[in-house]
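Just below is one structure, and these are the notes that go with it.
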Amino acid sequence: MRRLSILSIFCLLIAASSLMGQDYAAFFTDSTMRVDYYHTGTDTSEIYSLDQVCLEGPWPGSKTRCIDVLGLGKYLAQVHDFETGQLLFSTSYNTVFGEWQTTAEAIAGIPRTMHETVRFPFPKKPVKLVISSRDRRNAFSERFTTVIDPHSRFIHREVKHLPFKVTQVLFNGDPAQKVDVLILGDGYTQKESKLFLDDVERYQKRLFSVSPFRERRQDFNVRAIQAVSPESGIDDPRAGVWKNNLLGTTYNSLDLQRYVLTLENRAVRDIAALAPYDAICIIFNAPGYGGGGIYNWYSTCYAGKSKEIPEWWSLYVFVHEFGHSFAGLGDEYYSSDVAYNEFYPLGIEPVDPNLTALLDPENIKWKHMIQPGTPLPTPWGKALYDSLSQSLRTAGADRKPILARMDSIRTAIPVSRVGAYEGAGYASNGLYRPAIDCIMFSKNIVPFCPVCEQAINRVIDTLVK
Ligand SMILES: [Zn+2]
């Protein structure tokens, strides 16, 4: 593990030196290059094949920080100058394919194909695109390489005229110096346009009421696209509900009822290209509890209202899922049924900034935030919490007193007391979270823990300069 850490630091140093020597205008235009590819495989195999290369609108990302220094994703796309080999740009991200690889279907050896995209500033000269993915030990290996000549006649340059309106919800300045959040609606019909804009308003207000987004509001632009679906609502396969919704979001993704994703990458990318974006949030017009978040790709959240579910739950889900997609935060909870098989391999340090396997307590990744004298692991009443959680499953109508006791355990220690609290990342043992509670841990009126807050601030910092 320590060897891996040293390697990571070495990679970051290389990245930093590439960045310093780079002059954006010498290598890139102000536009965006989009590369679409197919990602095929099983749990242990993967093949990439090129689909198309497109010219898109203004580059919304930073023009001074073109090299990813956070390393939060399972995948790494690097763009090198073809002539000199100099690293010009890199971005790290996650995919639905990567999550699917841990499901029973993939482990059974049944191959699947998913469509994916990498975007980077449009180069002036030929570049080499290299895509790498991490193995189960989190080491990167190169999987796909292609050379792209920006003057090629095979690059799609047409401007797509889609009949959807872009609404500016919050504007603070040049997209290259701001975080550009794009909210897309799925399952909203033409008649439900006002409902969509009302929902956008509710969610963006909620996001900027939570630290650190509240303090960093001036660093954000928010836009919404009224992408009209032919039918109202989204697919819910377990309920036998099938809808003709434009972006293809569906309940029961990876066979987990409340997990809502879309595999319609091309549809989402085509529509999103109408506006500059660093982050996409898809709100879908259905009342069933659900959402999802894929780092550096998109988050989803239900927006419909029902009598059974309190309204604040959906606002909570919106922020929680944005934590995944925007800052690569891992789930800090561990009690829920999930479709993954050992999502975080035992004995391997997760790359998520808010999870640790505590393999080296002396050098825990959020060490600088821990007060001296804090025991690691940090005791927090886990045994009682787990037994209460267990009895909740058979409690029937008597849930309130049990929930109250669980609340009292979770609030007995301030969220600000950073340590290593066992139980995180879908594992009751062997994985640790930074604080007793956090938006990434429990569905309660609770802030992001200090470590998650810092991780979010770091991502904002990479996009605003
Ligand atoms: Zn947290």
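Numbering starts at 1 and runs along the sequence shown. Side chains included, hydrogens not; waters and symmetry mates left out as well; all remaining heavy atoms used. Order of appearance sets the numbers: ligands from 1, and atoms from 1 within every ligand.
Atom OE2 is the N/O/S atom of Glu332 found closest to the Zn ion (ligand 1).
Among the candidates Ile445, Asn444, Ile439, Val210, the single residue satisfying the side chain to side chain contact (heavy atoms under 4.5 Å, CB included) test with Tyr316 is Ile439.
Here Glu453 does not reach the Zn ion (ligand 1): none of its N/O/S atoms is less than 2.8 Å from the metal.
Rounding to the nearest 10°, we obtain 110° for the angle at the Zn ion (ligand 1) between Cys452 SG and Cys438 SG.
Taking the six-membered ring where tryptophan is involved, the planes of Phe144 and Tyr48 are essentially parallel, since the angle between them stays under 30° and well short of 60°.
Between the side chains of Ser211 and Glu215, a donor-acceptor pair is found at a separation under 3.5 Å. The closest side-chain donor-acceptor pair between Thr91 and Asp68, if any, does not fall under 3.5 angstrom.
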